[in-house]
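A short worksheet on the structure shown next.
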Amino acid sequence: MLDLLITNGSVVDPESGQIMDVNLGAIDGNIVYIGKETPKDAEITIDAKGLYVAPGFIDTHVHDEDPAENEVEKALLLQGVTTAIAGNCGLGPIISDELLSRPRYLRVGFFTGHQVLREKVGLTDNYMPASSSSIREMVELLRQELSKGSFGLSLGLEYVPGASYEEIYELAKTVAQFDKRWVSMHIRYDGDKSLDAVREAIALSRDCGVRVQISHLASMASFGCLNEALKLIEEAKACADVTFDSYPYKAFCTHIGSAVFDPGFEKRWKKGFSALQVASGKHKGKKLTQELYVKLRKEEPNTLVIAHVMNEEEVKAALRHPDCMIASDAILEKGQGHPRVCGTFPRAFAILIKEGLSWPEVIRKATYLPAKSSWLDDRGCIKAGCKADLVIFNPKKLKDCATFKDPMLSPRGIDYVIIGGKIAVQKGTILQPCGEVMFRR
């Protein structure tokens with residue numbers, strides 16, 4: 001008997017590029033049947049007539065480091081994400097019992113964060129270079145975390161101006177010694193200098209023989225540099241292993257106390273305080289002023305600020321690129337933040353369909369492509385033996401609802417989200433936590 005049977009749906013297979021009128025069956029969390037016939041015995045049957053059935057979405061750039069919070073996972077689950085890689089931008093946690101103690105709503109793997117490694121060896125000044133002895137200590141800590149099952153190293157170089165190339169080289173070289181691990185890299189510069197930062201990412205991959213995933217490329221280079229950045233990445237394929245992701249918004253979001261907002265940011269973005277919006281805390285929704293900027297930097301540095309500064313056409317160009325993975329960069333501060341937490345995937349799909357891509361091409365960017373990039377070979381496509389992680393949605397009704405004013409609104413049009421053959425979401429309601437912490441062995 002099947003645990004789950006899905007009938008009458010249009011099954012989107014991003015690997016073959018086909019939409020198939022077949023039924024799907026699952027046993028013990030895996031897909032075991034794909035065919036025209038309708039098996040008679042199933043514990044649960046879902047009639048997906050008029051709906052699309054796709055692999056669960058895979059988000060390779062998530063911030064889910066707070067061991068006490070589930071809100072990021074719930075928000076992603078409600079937009080169809082079933083697998084996520086967290087701990088990006090240098091913030092990945094040390095693997096601990098606390099990290100593993102709470103229920104999980106997604107299958108979540110973690111990077112080891114560069115900033116966390118620096119803090120563990122006593123280097124708390126982000127503007128200070130690491131000494132040779134500190135680098136050796138960080139390398140040993142990283143090696144221990146990789147042995148425990150960390151998915152790799154995350155770098156947030158724009159947040160750590162003091163990090164030298166030698167420092168990140170030694171860490172990335174350590175990652176290269178472990179199978180199926182990679183470096184997630186929030187590059188060193190945005191704006192006009194972003195191309196230099198892309199070249200550094202390429203050099204790191206080439207010099208260390210490691211895969212480097214450039215994080216949210218559009219938010220770094222959509223200041224007149226995006227097309228040249230894509231060209232650099234394409235040309236580097238002969239000598240380096242570099243991937244990239246982007247989200248579908250022309251505004252980014254990060255903490256006001258970070259180096260991103262160091263004085264002089266107006267020159268980089270050619271936009272001033274009027275383009276900046278407070279996204280968390282008691283000043284949420286206010287436009288930033290010089291006075292409020294100084295106050296928050298000093299007194300509430302963890303306040304999230306949204307910067308409406310990127311070129312929208314360049315954001316679309318990044319998303320259209322056949323190698324671009326859709327990723328949310330989901331982050332919350334006490335339940336507040338950017339609409340990408342709730343709206344990234346349906347919003348990206350709508351943009352790409354309007355840009356002329358087919359549904360299989362669009363779904364590929366959220367499933368097959370990130371699965372292959374992350375060596376998650378048991379998901380991201382429709383095959384017998386793959387995990388029964390699935391999303392059932394109405395392509396005519398799918399729509400992001402989250403706004404900058406109300407970023408926590410869940411999307412419409414997703415009927416079911418299934419993890420391991422179990423229904424996690426039904427008609428916009430989370431039924432149960434079906435996720436787990438993943439370890440890379």
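Start at 1 with the first residue, then count along the sequence.
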Would the distance check show the side chain of [X] and the main-chain N or O of [Y] forming a donor-acceptor pair, the cut-off being under 3.5 Å?
X	Y	result
R181	S150	yes
R206	L204	no
D389	C386	no
S373	P370	no
H338	A251	yes
E15	Y368	no
R188	K193	no
T367	I363	yes
S154	G87	yes
N311	S222	no

Pairwise distance [atom1]([X]) to [atom2]([Y]) - rounded to 0.5 angstrom:
X	Y	atom1	atom2	result
I85	D245	CD1	CG	11.5 Å
Y249	I306	OH	CD1	10.0 Å
L195	M220	CG	CE	11.5 Å
L332	E73	CG	CD	11.5 Å
L106	N70	CG	CG	9.0 Å
L217	I187	CG	CD1	6.5 Å

side-chain contact (heavy atoms from CB on, under 4.5 Å) between V81 and T344, intermediate numbers included: CA-CA 10 Å; V81 175; T344 287; over 6 Å; no

Basic-acidic side-chain contact under 4.0 Å: K237, D323: yes

Of all heavy-atom pairs between [X] and [Y], which one has the smallest distance, and what is that distance?
X	Y	value
G191	C225	O-SG, 3.7 Å
A218	A318	CB-CB, 3.9 Å
A371	I58	CB-CD1, 3.6 Å
R340	S328	CD-O, 3.1 Å
I202	A240	O-CB, 3.8 Å
V12	P360	CG1-CA, 3.8 Å

Mutual orientation of the aromatic rings belonging to W269 and F223 [parallel < 30°, tilted 30-60°, perpendicular > 60°]: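 Aromatic pair W269/F223 classed parallel.
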
N302 and E333 side chains, donor-acceptor separation under 3.5 Å: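 Absent: no donor and acceptor within the cut-off.
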
Distance-only side-chain donor-acceptor flag, T60 / S374, under 3.5 Å: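 S374 and T60 do not have a side-chain donor-acceptor pair below 3.5 Å.
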
Can you list, pair by pair, the side-chain donor-acceptor contacts under 3.5 Å of residues 252-260, counting residues two or more places apart and other chains?
| from | atom 1 | to | atom 2 | distance (Å) |
| --- | --- | --- | --- | --- |
| T254 | OG1 | Y159 | OH | 2.7 |
| S258 | OG | H255 | O | 2.9 |
| S258 | OG | V260 | N | 3.4 |

Please list, chain by chain and in numerical order, all residues satisfying ring pair (Phe, Tyr, Trp, His ring centres under 6.0 Å) with [X], sequence neighbours excluded.
X	result
F244	H321
Y165	none
F57	F345, F349
Y293	F265, F273

Count the heavy atoms belonging to other residues, nucleotides or ligands that lie under 6.0 Å from [atom1] of [X], then report whether that count exceeds 12.
X	atom1	value
E119	CD	yes
K383	NZ	no
E299	CD	yes
D125	CG	yes
K287	NZ	yes
K284	NZ	yes

Qualifying residues under side-chain hydrogen bond (donor to acceptor under 3.5 Å, both in side chains), relative to S134, sequence neighbours excluded: S131

Summary of side-chain hydrogen bond (donor to acceptor under 3.5 Å, both in side chains) pairs that have at least one residue in residues 393-406, sequence neighbours excluded: none

side-chain hydrogen bond (donor to acceptor under 3.5 Å, both in side chains) contacts in which one or both residues fall within residues 347-356, not counting sequence neighbours: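 Residue pairs passing side-chain hydrogen bond (donor to acceptor under 3.5 Å, both in side chains), neighbours aside: R320-E355.
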
Heavy-atom side-chain proximity of K387 to N30 below 4.5 angstrom: yes

ring-ring contact (aromatic ring centres under 6.0 Å, His included) contacts in which one or both residues fall within residues 195-218, not counting sequence neighbours: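 Residue pairs with at least one partner in residues 195-218: H61-H216, H186-H216.
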
Listed once per pair and sorted, the ring-ring contact (aromatic ring centres under 6.0 Å, His included) pairs that draw on residues 92-111, sequence neighbours left out: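 Listed once each, the pairs are F111-W182.
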
Atom pairs and distances, side-chain donor-acceptor, residues 136-146, under 3.5 Å, sequence neighbours left out:
| from | atom 1 | to | atom 2 | distance (Å) |
| --- | --- | --- | --- | --- |
| R143 | NH1 | Q177 | OE1 | 2.8 |
| E145 | OE1 | I95 | N | 2.8 |
| E145 | OE2 | K148 | NZ | 2.9 |

For residues 411-434, which side-chain N or O atoms pair as donor and acceptor with protein atoms under 3.5 Å away, sequence neighbours left out?
| from | atom 1 | to | atom 2 | distance (Å) |
| --- | --- | --- | --- | --- |
| D415 | OD2 | K427 | NZ | 2.8 |
| Q432 | NE2 | I423 | O | 3.1 |

Stepwise salt bridge (charged side-chain N to carboxylate O under 4.0 Å, His left out) test for K231 and E234: CA-CA 5 Å; K231 184 179 178 182; E234 290 169 357; over 6 Å; no

Step-by-step side chain to side chain donor-acceptor pair (under 3.5 Å) determination, D329 to H63: CA-CA 7 Å; D329 194 13; H63 290 281; 3.0 Å; yes

Worked check of salt bridge (charged side-chain N to carboxylate O under 4.0 Å, His left out) between R104 and D64: CA-CA 11 Å; R104 293 285 172 178; D64 189 28; 3.0 Å; yes

Result of checking T82, V62, V341 against L76 for side chain to side chain contact (heavy atoms under 4.5 Å, CB included):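 Filter result, single survivor: V62.
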
CA sep, side-chain torsions, deciding dist, call: E158, R268, salt bridge (charged side-chain N to carboxylate O under 4.0 Å, His left out): CA-CA 13 Å; E158 192 174 21; R268 301 204 315 273; 3.5 Å; yes

